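Remember, it's a predicted structure, so these values are computed and weren't measured experimentally.
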Amino acid sequence: MSSFDELIKHFKADIESVKQRDPAAKNTVEIILTYSGLHAVAAYRVSHYFYKKKMFLTARVISQAARFITGIEIHPGAKIGKGLFIDHGMGVVIGETTEIGDNCLIYQGVTLGGTGKDRGKRHPTLGNNVMVGAGARVLGPFKVGNNVKIAANAVVLEAIPDNCTAVGVPARIARCNGKPTTDLDQVHIPDPVAQELCKMDVRLSQLEKKAGITPAPKDEPNLDCGCGFRSDDNDDYVI
C-alpha cells in the first residue's frame, strides 16, 4: 500500500469515528468542512509522513500551521492509530514520543506531555479505545491500557491497567471491573476521595456502636456520603 493510500484509509477511518461518537455530526461533508479535530489529525498524518522521511523542518512547519488554524498541537513525531477523534479540540497538546492506539477519543484542553528534559521516550502511550476527558493531563512515559476512561481535569502520573477509570489530582483508579468502558459519560464517575471518606464514616460508626457512644440528635442531617451511611457535621457525642 502506498503512503497516499494509507493516508486516505486513515482519513476515512477518522471520519467514521466522528460519525460514531458525535451525535451532532449530520453528514460527511459537514465533518470534512467544519471539524477542527479532523483537520488537525489530517495535517498530522501529512506532517508525520515528512517526519519519517527525516524532513523535520517541513514536518514542523505543517504541524505549526495546523496549530495556528485549529488550536490543536500534534507533534509530527507522535504515533497515532486509526480512528482518533479530537472533539472540540482547542488547547490539545500531543508530544513528540506520544503513542495513541486505535479509536481513541480526546476532548478539549488535554495534554499528553512529558516530564523533564530527558531525550528518548518521555510521553505516554495510550492503548485502544481510550477516552481522555476535557482538561486532563497525562504526563510521563507510561502505558494507559485499552478501554480506559480518564475523567475531566484528572492528572495522570502513572500507568493505568486495561478497562479502568481514573479520576482526581493526582489520578487514582476509581473503577476497574474487568469490563470494557464503552460509554462516554464524564459526569457519573466515582470519586475515590469521597469513597475513602465514606469508608471512614462507616468504620467510625461501627466503633462508636461498639464503644456505646451515640451522637446527639440533629435537626438537619448531612447529605448522604454515597455509600448508604449518613453522617452529621460537628457531632456532639454523649455516653
Side-chain angles (χ1 to χ4, degrees), residues 1-49 51 59 62-95 98-113 123-138 144-154 163 165 180-189:
M1 181 183 294
S2 68
S3 297
F4 179 77
D5 291 336
E6 186 176 0
L7 285 173
I8 295 300
K9 179 181 178 182
H10 280 297
F11 188 63
K12 290 180 178 178
D14 295 338
I15 293 173
E16 189 60 31
S17 180
V18 175
K19 290 181 179 178
Q20 293 176 359
R21 297 174 182 229
D22 188 1
K26 300 298 188 294
N27 54 65
T28 301
V29 174
E30 178 194 21
I31 292 171
I32 293 173
L33 293 179
T34 66
Y35 276 67
S36 60
L38 179 68
H39 301 159
V41 173
Y44 151 77
R45 299 202 188 280
V46 175
S47 68
H48 185 64
Y49 167 80
Y51 190 88
I62 293 172
S63 69
Q64 290 301 300
R67 175 181 179 271
F68 179 79
I69 295 170
T70 66
I72 299 168
E73 182 173 352
I74 306 176
H75 195 285
K79 297 178 181 179
I80 298 177
K82 65 181 181 180
L84 172 63
F85 177 28
I86 301 178
D87 197 4
H88 302 292
M90 182 62 69
V92 168
V93 177
I94 298 176
T98 301
E99 299 176 51
I100 300 175
D102 296 337
N103 303 312
C104 291
L105 172 62
I106 295 175
Y107 285 93
Q108 68 272 16
V110 166
T111 298
L112 304 180
H123 298 90
T125 296
L126 272 58
N128 300 324
N129 305 308
V130 173
M131 189 211 80
V132 187
R137 307 287 187 266
V138 186
V144 175
N146 299 325
N147 308 307
V148 164
K149 178 188 288 186
I150 298 173
N153 294 315
N163 308 316
T165 298
T181 301
T182 56
D183 65 286
L184 306 181
D185 183 7
Q186 298 187 65
V187 177
H188 301 96
I189 294 177

* Asked: Any sub-3.5 Å donor-acceptor pair from Ser36's side-chain atoms to His88's backbone N or O?
  -> yes
* Rounded to the nearest 0.5 Å, what's the gap from CD1 on Ile72 to CZ on Arg67? Could you check? => 11.5 Å
* Where Cys104 and Gly101 come nearest, the two heavy atoms and their spacing -> SG-O, 3.8 Å
* **Leu38 vs Phe11 side-chain heavy atoms within contact, under 4.5 Å** => yes
* Structure fact -> Which of Val132, Thr125, Ile106 passes side chain to side chain contact (heavy atoms under 4.5 Å, CB included) with Ile100? It is Ile106
* Nearest atoms (heavy-atom pairs only) where His39 meets Leu33 -> CE1-O, 3.4 Å
* State the NZ-CE distance between Lys149 and Met131, to the nearest 0.5 angstrom. => 5.5 Å
* Asked: Looking only at heavy atoms, which two atoms of Gly133 and Val110 are closest? And how far apart?
  -> O-CG2, 3.2 Å
* Mind checking what makes ring-ring contact (aromatic ring centres under 6.0 Å, His included) contact with His75, not counting sequence neighbours? -> Tyr51
* Worked verdict on Tyr35 versus Asp22 for side chain to side chain contact (heavy atoms under 4.5 Å, CB included) -> CA-CA 11 Å; Tyr35 276 67; Asp22 188 1; 2.8 Å; yes
* Asp102 backbone acceptor or donor facing Asn128 side chain under 3.5 Å -> yes
* Asked: Do the side chains of Ile15 and Ile32 get nearer than 4.5 Å, heavy atoms only?
  -> yes
* Asked: Can you name the closest pair of heavy atoms from Val130 and Gly145 and give their distance?
  -> CG2-O, 3.2 Å
* Stepwise side chain to side chain contact (heavy atoms under 4.5 Å, CB included) check, Glu6 with Tyr49 -> CA-CA 10 Å; Glu6 186 176 0; Tyr49 167 80; over 6 Å; no
N/O donor to acceptor pairs below 3.5 angstrom from side-chain atoms of residues 77-87, sequence neighbours left out:
none

* Output the distance between atom CD1 (Ile94) and atom OH (Tyr44), rounded to the nearest 0.5 Å. => 8.5 Å
* Within-4.5 Å side-chain heavy-atom neighbours: Ile150 and Val138 -> yes
* Asked: Under 3.5 Å, is there a donor-acceptor pair between the side chain of His123 and the main chain of Gly113?
  -> no
* Asked: Side chains of Asn146 and Asn129: is there a donor and an acceptor less than 3.5 Å apart?
  -> no
* Asked: Is there a donor-acceptor pair closer than 3.5 Å between any side-chain N or O of Glu30 and the backbone N or O of Lys26?
  -> yes
* Asked: Between Leu105 and Arg21, which heavy-atom pair has the shortest distance, and what is it?
  -> CB-NH1, 3.1 Å
* Any donor-acceptor pair under 3.5 Å from Thr70 side chain to Ala66 backbone -> yes
* Ala151 versus Ala136, closest heavy-atom pair with distance -> O-CB, 3.8 Å
* Structure fact -> The reported gap from CD1 in Ile74 to OG in Ser47 (rounded to nearest 0.5 angstrom) is 8.0 Å
* Do Ile31 and Lys19 have side-chain heavy atoms sitting under 4.5 Å apart? -> yes
* Partners meeting salt bridge (Lys or Arg N to Asp or Glu O under 4.0 Å) with Arg45 (sequence neighbours left out) -> Asp14
